[in-house]
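Below is one structure; the comments refer to it alone.
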Amino acid sequence: DEGIWEVRGNTGHFLYSKLMNWVALDRAARLASRLAVDPSRVTRWRDHRDQIRDAILQQGWSESAGAFTQAFGRDDLDASVLMMPIVGFLPASEPRMRATIEAIATRLTDDHGFVYRYLNADGLPGSAGTFGIFPFGLAACLAPAGGTKRARGVVERGAGCGNGPRPPAGGVHPGGGELAGVGAVYAEVWYARVCSTGDGLHVEQVVDAGVRGFARAERDHGIVLRQI
């Protein structure tokens, strides 16, 4: 397919798409005991789930990139793979997952600490800004891997993308820092996810970091609080 970002003319076996198929089958199998489901169907679901898992682990990892990547057989990083620990596919502390989180934190993040979806060509003109939800996704992965201090800093920067009382914006312009798009509810969902990690990053600390981020953005205008 063309992945979650619907890239143009560059189809492939996108890891995120495989991951969501794994999630669907895994959750269906886990719910089966509560439903009147033919056991043979559940067995097929589990078999297909395990086949997808094996494919991701074997083909989704790139030795040259040192990370799980956007698509099988490619070296391009993609922040959507941060969903792997979030949905329970691999723990954030697993060595290859930790390497992936670190790769995204260092190579897919701009000078201000905001995270790009990806940096490779997607068939569209121009360049995209960073994406509003991924500071919170990155924080949700850093905290269980032992990076609680870094996670708080990431949350603070991400919360600075808010627009007054609205949720964080969909994106941040790569040049001037203007907010792109209205407040993104899915960013708020990921913010809540960070609050519920329970891995040393406590709710009060996350909320405090978020409040500091909003206040600093308004005070310093490092992020221009307007829609474009």
Side-chain angles (χ1 to χ4, degrees), residues 1-7 10-62 67-74 78-101 104 115 117-118 131-145 151 155 167-168 170 182-203 206-207:
D1 67 354
E2 294 177 328
I4 182 176
W5 311 125
E6 300 177 346
V7 298
N10 195 18
T11 58
H13 291 279
F14 283 84
L15 191 150
Y16 181 86
S17 301
K18 305 294 186 189
L19 180 65
M20 290 299 103
N21 282 313
W22 178 87
V23 169
L25 292 166
D26 180 69
R27 301 314 191 257
R30 288 162 61 178
L31 286 169
S33 62
R34 304 183 186 181
L35 306 171
V37 180
D38 185 335
S40 64
R41 293 185 65 188
V42 180
T43 298
R44 288 198 302 273
W45 293 345
R46 288 175 176 154
D47 287 345
H48 288 305
R49 175 199 63 187
D50 294 344
Q51 290 172 19
I52 293 171
R53 179 180 176 83
D54 289 344
I56 291 174
L57 292 175
Q58 294 170 16
Q59 301 178 60
W61 173 263
S62 165
F68 287 104
T69 55
Q70 185 178 72
F72 292 0
R74 299 180 189 171
D78 192 311
S80 66
V81 305
L82 292 172
M83 287 298 293
M84 293 173 71
I86 290 173
V87 300
F89 183 85
L90 278 178
S93 57
E94 193 272 341
R96 293 199 296 177
M97 197 67 244
R98 288 190 72 158
T100 300
I101 295 165
I104 291 171
V115 184
R117 294 176 295 171
Y118 53 86
F131 210 53
I133 66 173
F134 285 127
F136 307 110
L138 181 58
C141 294
L142 284 169
V155 168
V182 297
V185 174
Y186 45 71
E188 198 81 337
V189 171
W190 280 42
Y191 181 86
R193 174 71 193 193
V194 180
C195 290
S196 65
T197 56
D199 292 288
L201 192 63
H202 302 296
V203 172
V206 174
V207 173

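Predicted model, so just to flag it, every value in this text is computed and none were measured. This chain uses plain numbering: 1 for the first residue, then up along the sequence.
Applying the salt bridge (charged side-chain N to carboxylate O under 4.0 Å, His left out) rule to R49 yields the partners D26; only residues at least two apart in sequence or on another chain are considered. The ring-ring contact (aromatic ring centres under 6.0 Å, His included) test applied to F89 returns W22, not counting sequence neighbours. Considering only residues two or more places apart in sequence or on other chains, E2 meets the side chain to side chain contact (heavy atoms under 4.5 Å, CB included) condition with V7, T11. Under the side-chain hydrogen bond (donor to acceptor under 3.5 Å, both in side chains) criterion, D47 pairs with no residue at all, not counting sequence neighbours. Every residue two or more places apart in sequence or in another chain that forms a side chain to side chain contact (heavy atoms under 4.5 Å, CB included) with D1 is listed here: F14, S17. Here R53 pairs with nothing under the side-chain hydrogen bond (donor to acceptor under 3.5 Å, both in side chains) rule; sequence neighbours left out. For S33, the side-chain hydrogen bond (donor to acceptor under 3.5 Å, both in side chains) test picks out no residue, with sequence neighbours left out. Applying the side chain to side chain contact (heavy atoms under 4.5 Å, CB included) criterion to D38, with sequence neighbours excluded, gives S40, R41. Applying the side-chain hydrogen bond (donor to acceptor under 3.5 Å, both in side chains) rule to W61 yields the partners E63; only residues at least two apart in sequence or on another chain are considered.
Listed by first and then second residue, the salt bridge (charged side-chain N to carboxylate O under 4.0 Å, His left out) pairs that reach into residues 11-20 come to none, sequence neighbours excluded. Identified under the ring-ring contact (aromatic ring centres under 6.0 Å, His included) test for residues 26-48, with sequence neighbours left out: none.
The two residues V42 and A32 come nearest to each other via the heavy atoms CG2-CB, 3.4 Å. For the residue pair L25 and I52, the shortest heavy atom distance occurs at CD1-CD1, 3.7 Å. In plain terms, the two heavy atoms of D78 and I104 that are nearest each other are O-CD1, 3.9 Å.
Counting only heavy atoms from C-beta outward, the side chains of T69 and V81 never approach each other to under 4.5 Å. Using a 4.5 Å cut-off on side-chain heavy atoms (C-beta onward), R117 and I4 make no contact.
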